[in-house]
Structure formats: structure tokens, C-alpha cells
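Working notes, structure below.
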Amino acid sequence: MLLPAIRSAYLFGIEDYGVVPLAGLTYWSGVWATVIMLMALAVTPAVTIFRWPALIDVRRMIGVTALVYTIAHMLIYFAFRRWDLAIIANDMTTRLTLIVATVSTIGLIVLGATSVDAAVRSMGARNWQRLHTTNYVISGLAILHVVLARGTYTEQYMLTGIFFWLMVWRVLARYGLGANAKVLAMLAVASCLCAAFLEAGFLWSRRGFDVLETLGYNLTLAILDVGYPPAWQVLAFGLLVALGAAGREALRLKAASLEARQAG
């Protein structure tokens, strides 16, 4: 969680963020804030799939870190706008992407303020849980903010594909399929297609690129000789999780078999 801050400070220091360094820093600080939010959402799947309950202990810490990155992103944006409150206020009330970002930030601040044990005791466990369930909506708004940002960037589609995976996984988990390797593999493919179609749609709407041509280009193995499109990155993420689930299940069955032999 500290690595993005260290990396961003280093790249800013060596002037690697382009002609307008604050613009680059504003963009990447927002991307990393969103990544940390997704990390918080990934705790529950990781606990279930890999049977790693100790991760629960760091979920709150990850959420608070996401808030810190979000506030840092907001302050960097203010600095980019030279702290001109009139311009900032106009942006936040007229640009949809910043309206969404403002609502998401306010929600995250509320969650951060109520993350302490005293708030849990004061609100009661059930009310506290209901409030913090809104994290799904807040994270969704953060993803929407990234998607609606000016321009078209790889991170927009990759983060959306991973968010899609995290949300659909929760539906599957309700039906007891959250650790099923075959189902997770299919989810990986669906998330890959989500990222691919989103990219094709945005490149068509913003740059006029042909949708089928973009899909064909990004969904062929030949593209891997050139680079790794967001759809393929999402697919790799999903398949790694599916392989991990398969390996974990194999270990469980092996342990059960050994116990059966010993009992026999």
C-alpha cells in the first residue's frame, strides 16, 4: 500500500510525469486510490477462495489507506488548479466525472470516520455493517469517475474489468460458488470481455474507431507480441485466481484423503 506513494514521489521527482507534472500526478494518484479501494473489496474473495481468514485483520487498514490516497488525490488536483476555488467549484458542479468523484469522496470520508471501534459500539454492529455496505456503491462511483475521465487510458478498462469481477463474485458466493475453480475461470473470461467491450465502446464513442475492429485486434493472440491490452490483463488476473482456487481445493482433498487413511 505504501509502494504507490513512494513510486509516485520518485517519478514526480525525476520529472517523469510529462510537461505538466501535476497533471500526471493528479491522474496517477487517482488511479492508485482506486486500486487501493479494489484491494479492500478483494479481501473477502481472498479469504473465501484461499481460506486465509487472517486477511480480515487488514481490511479496515486497507480501507483507511484508500481514504488517505483519495484525499491526497483531491489535494493534488487542487494544486493542479492553483487552488483557484472558483474554478474548482465550477468543475465539481458542472463536470459529471467530478460530481461523481465528489459524492464518492464524501462517502469514503464518512466510512473512514466511522471505521474506529468507538463508532461500531455507538452505532451497533448491525447499523455499522449496513453503513459500510455502501462501500460497493462508493467504489462503483470511483470506478465511474475513472471511466469518465477525459481521454482514453488502459487503466480505465482494466480497473472496470476487475471491479466487474469483484461484484459478480459476490453474487456467485451467495450461491456457494465463490471458490469453484471452473466458475472462477468462466468469471475470468466474462470480466475479460467486459473490459474488451468497454474499451471498444469508448474508442468508438470518443475517437470513432470501429467496434468490431477494436475487439478483433484486442482479442487475438497476435496482440501479445505488441503489448498486453487491459482485457488480457483482467483475464490473467482472473485465471490466476481460478488456478489458486483449484490448487487450494486439491490440497484440501489431499489432506482429507490422508486423514481418512490415518483413521482407517
Side-chain angles (χ1 to χ4, degrees), residues 1 34-66 107-108 111 114-115 120 123-144 157-198 219 230-264:
M1 289 185 289
T34 308
V35 168
I36 303 292
M37 284 187 195
L38 295 184
M39 283 177 61
L41 291 179
V43 169
T44 300
V47 168
T48 303
I49 295 169
F50 303 113
R51 296 179 176 85
W52 194 2
L55 279 178
I56 292 293
D57 295 336
V58 300
R59 180 165 56 188
R60 190 185 304 184
M61 181 174 65
I62 296 174
V64 173
T65 304
L108 198 59
L111 294 187
T114 57
S115 65
V120 179
M123 297 176 62
R126 181 174 295 181
N127 290 332
W128 185 88
Q129 187 63 45
R130 287 175 179 171
L131 174 64
H132 280 252
T133 301
T134 60
N135 182 43
Y136 303 141
V137 178
I138 292 169
S139 298
L141 291 174
I143 290 291
L144 184 59
Y157 321 121
M158 182 180 66
L159 293 175
T160 303
I162 293 176
F163 179 73
F164 175 86
W165 187 100
L166 291 167
M167 292 297 100
V168 174
W169 179 88
R170 283 166 163 79
V171 176
L172 295 174
R174 289 194 173 191
Y175 293 93
L177 299 172
N180 186 299
K182 292 182 180 179
V183 173
L184 291 175
M186 289 189 287
L187 177 56
V189 173
S191 302
C192 164
L193 293 175
C194 172
F197 276 96
L198 180 67
L219 295 178
W232 285 92
Q233 294 181 42
V234 172
L235 179 64
F237 161 80
L239 290 181
L240 282 173
V241 174
L243 286 172
R248 189 68 181 80
E249 182 62 16
L251 288 174
R252 187 188 68 80
L253 292 175
K254 184 177 180 180
S257 176
L258 288 173
E259 287 180 2
R261 289 179 184 179
Q262 291 173 353

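A pairwise comparison of heavy atoms in Leu184 and Ala245 identifies CD1-CB, 3.6 Å as the closest pair. The two residues Phe50 and Arg248 make their nearest non-hydrogen contact at O-NE, 3.3 Å. Of all non-hydrogen atoms in Gly161 and Ser191, the two that sit nearest each other are O-CB, 3.7 Å. Taking both residues in full, the closest heavy atoms of Cys192 and Val234 are given as N-CG1, 3.9 Å, listed atom of the first, atom of the second, then distance. Closest non-hydrogen pair, Ala195 versus Ala231, comes out as CB-CA, 4.0 Å. Nearest heavy atoms, Leu55 versus Ala46: CD1-CB, 3.5 Å.
Taken to the nearest 0.5 Å, the CE atom of Met61 stands 8.5 Å off from the CE atom of Met39. For the atom pair OG1 of Thr34 and CZ of Phe163, the computed distance is 11.0 Å after rounding to the nearest 0.5 Å. The distance from the OG1 atom of Thr133 to the CG atom of Leu111 is 9.5 Å, given to the nearest 0.5 Å. Put simply, OG1 on Thr134 and OH on Tyr136 are 10.0 Å apart, with the number rounded to the nearest 0.5 Å. We find the CG-CG distance between Leu239 and Leu187 to be 10.0 Å, quoted to the nearest 0.5 Å. Rounding to the nearest 0.5 Å gives a distance of 15.5 Å between OH of Tyr175 and CG of Asn180.
With hydrogens and angles ignored, the 3.5 Å screen pairs a side-chain donor or acceptor of Arg170 with a backbone N or O of Leu166.
Of the listed residues (Ile49, Leu177, Leu41, Val241), just one forms a side-chain contact (heavy atoms from CB on, under 4.5 Å) with Trp169, and that residue is Ile49.
Using a 4.5 Å heavy-atom cutoff, the side chains of Ile36 and Met1 are in contact. By the 4.5 Å heavy-atom criterion applied to side chains, Leu108 and Met37 are counted as neighbours. Between Pro45 and Trp165 the shortest side-chain heavy-atom distance falls below 4.5 Å.
The number of heavy-atom neighbours closer than 6.0 Å to CZ of Phe197, taken from other residues, nucleotides and ligands shown, is 12 or below.
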